[in-house]
Amino acid sequence: MHSPHPAPTTPPEAGPPAGPVRTGTLLVGLFAVLLFLVTIAWSPLIAFDRSVADGLHVWAVEDPGLVRVNRVLSDWVWDPWTMRALIAVAVVWLWWRSERLLAVWVAATSAVGTFLQQGLKSAVGRERPEWPDPVDSAHFSAFPSGHAMTAMVTCVTVLWLLRRHGVEGQWWLWAVVVAVLSVVGVGLTRLYLGVHWPTDVLGGWLLGAGWVAFSVTAYERTVLSRQH
């Protein structure tokens, strides 16, 4: 007597990668806590912001040469429009390779990140630092830092694209170094120039990284669902 053939097992449906989901949730959660503390003007946080800003401003006033260097870095090298131009190059390259879905996704990730930070700036309405002897100026509300968030969104997105396309070894190491220097560097320039509080920069970093983590997760799930 022959035993019946076992029924074929159906592979479990792929879900979103757990790592980016957890990372994104943690980062956005930390941002939410920071946003709350900024909104209620929690005194220890405000005191910390003021202490760091005052110290850096004294340094900047005493060193005009370093101010000029920071302005070039902030206004040209790591300016949000420079970051968006980098994303545009990546989008054109992906489109040329016929990776149309990925190209649109990358463009949307950058655009939504911009809308997020502009909307939050308007909603929070935090005042920027004011000085009797400013070394630079900036407009619109302070929280979160648009420079910091745009650099984080751009650099993490580009690193993800490089990893997806098999970049490794020395090239990968150099890409990570440049990305880290850009993200950290632009935040420091905004603080040194006295146009942001430290928590503005931290908020931009947290929200930018969290948003990309969720976007990457959504893309990976979309790709997996299209392949089944």
Side-chain angles (χ1 to χ4, degrees), residues 19-62 66-67 70-71 73-75 78-80 83 109-110 112-156 179-215 217:
V21 172
R22 284 195 296 265
T23 300
T25 301
L26 174 62
L27 291 168
V28 173
L30 291 172
F31 173 79
V33 172
L34 183 62
L35 173 62
F36 174 73
L37 295 177
V38 167
T39 302
I40 66 170
W42 189 49
S43 55
L45 192 75
I46 301 305
F48 167 76
D49 274 343
R50 173 54 68 183
S51 174
V52 174
D54 285 347
L56 287 173
H57 184 66
V58 170
W59 183 8
V61 169
E62 294 176 349
L66 194 52
V67 167
N70 277 269
R71 292 189 69 171
L73 291 172
S74 179
D75 297 343
W78 295 319
D79 182 77
M83 295 291 108
T109 298
S110 178
V112 172
T114 298
F115 289 135
L116 273 176
Q117 52 108 338
Q118 291 296 314
L120 280 165
K121 279 177 177 288
S122 180
V124 176
R126 190 184 199 189
E127 296 292 333
R128 293 179 183 267
E130 293 185 3
W131 312 103
D133 50 353
V135 299
D136 200 0
S137 63
H139 307 287
F140 204 31
S141 301
F143 185 90
S145 165
H147 278 70
M149 183 170 173
T150 305
M152 180 65 82
V153 169
T154 299
C155 290
V156 175
V180 171
L181 285 176
S182 297
V183 171
V184 175
V186 74
L188 293 179
T189 64
R190 303 307 282 167
L191 296 180
Y192 187 82
L193 294 172
V195 293
H196 273 297
W197 305 107
T199 46
D200 299 337
V201 171
L202 178 59
W205 285 340
L206 289 172
L207 184 59
W211 164 237
V212 176
F214 281 125
S215 180
T217 300

The reported gap from OG in Ser145 to CE in Met152 (rounded to nearest 0.5 angstrom) is 11.0 Å

One should read off an interatomic distance between Leu37 CG and Phe48 CZ, to the nearest 0.5 angstrom, of 12.5 Å

Exercise. With no hydrogens and no angle check, is any side-chain donor or acceptor of Thr39 less than 3.5 Å from a backbone partner on Leu35?
Worked result: yes

When rounded to the nearest 0.5 Å, the distance separating NE2 of His57 from CG of Leu191 is 13.5 Å

For this session: Please tell me if the side chains of Cys155 and Val183 come closer than 4.5 Å, counting only heavy atoms from C-beta onward.
Result: yes

Smallest heavy-atom separation, Ala60 atom then Val67 atom, equals O-CG2, 3.3 Å

Taking every heavy atom of Ser74 against every heavy atom of Thr189, the minimum-distance pair comes out as CB-OG1, 3.6 Å

Could you check if a side-chain atom of Phe140 sits within less than 4.5 angstrom of a side-chain atom of Gln118, using non-hydrogen atoms only?
yes

ask   = Okay, side chain of Thr25, backbone of Val21: is any donor-acceptor separation there less than 3.5 Å?
value = yes

Closest heavy-atom pair, His196 versus Gly146, reported as atoms and distance to 0.1 Å, is NE2-N, 4.5 Å

Q) Between Val195 and Ser137, is any pair of side-chain heavy atoms under 4.5 Å apart? A) no

Q.
Parallel, tilted or perpendicular, judged at 30° and 60°: which one describes the rings of Trp197 and Trp131?
A. tilted

Passes side-chain contact (heavy atoms from CB on, under 4.5 Å), Thr114 versus Val153? Steps please.
-> CA-CA 9 Å; Thr114 298; Val153 169; over 6 Å; no

Discussion item. Tell me if the aromatic rings of Phe31 and Phe143 count as close, with their centers under 6.0 Å from one another.
Written reply: yes

Closest heavy-atom pair, Thr109 versus Ser215, reported as atoms and distance to 0.1 Å, is OG1-OG, 2.6 Å

Do Arg22 and Thr217 pair up side chain to side chain, a donor and an acceptor below 3.5 Å, judged on atom types alone? no

- [ ] Check whether any side-chain N or O of Asn70 sits under 3.5 Å from a backbone N or O of Leu66 as a donor-acceptor pair, and report yes or no.
- [x] yes

* Asked: Taking C-beta and beyond as the side chain, do Leu206 and Met149 meet within less than 4.5 Å on heavy atoms?
  -> no

* To do: May I ask you to test the Val186-Leu73 pair for a side-chain heavy-atom distance under 4.5 Å?
  => no

Could you walk me through whether Trp78 and Met83 satisfy the side-chain contact (heavy atoms from CB on, under 4.5 Å) test, starting with their C-alpha distance in whole Å, then the side-chain angles of each, then the deciding distance to 0.1 Å, before giving a yes or no?
CA-CA 7 Å; Trp78 295 319; Met83 295 291 108; 4.1 Å; yes

Is a salt bridge present between Arg128 and Asp136, judged by a nitrogen-to-oxygen distance below 4.0 Å? no

Discussion item. Would you say that Leu120 contacts Leu207 through its side chain, given a criterion of any heavy-atom pair below 4.5 Å between the two side chains?
Written reply: yes

How far apart are the C-alpha atoms of Ser141 and Val124, what are their side-chain angles, what is the distance that settles it, and do they pass the side-chain contact (heavy atoms from CB on, under 4.5 Å) test? CA-CA 8 Å; Ser141 301; Val124 176; over 6 Å; no

Scanning both residues in full, the closest heavy-atom pair of Val184 with Trp205 reads CA-CZ2, 3.9 Å

- Item | Derivation and outcome, side-chain contact (heavy atoms from CB on, under 4.5 Å), residues Leu34 and Leu30 | CA-CA 6 Å; Leu34 183 62; Leu30 291 172; over 6 Å; no

In this structure, NE2 of His147 is separated from CG of Asp75 (nearest 0.5 Å) by 6.0 Å

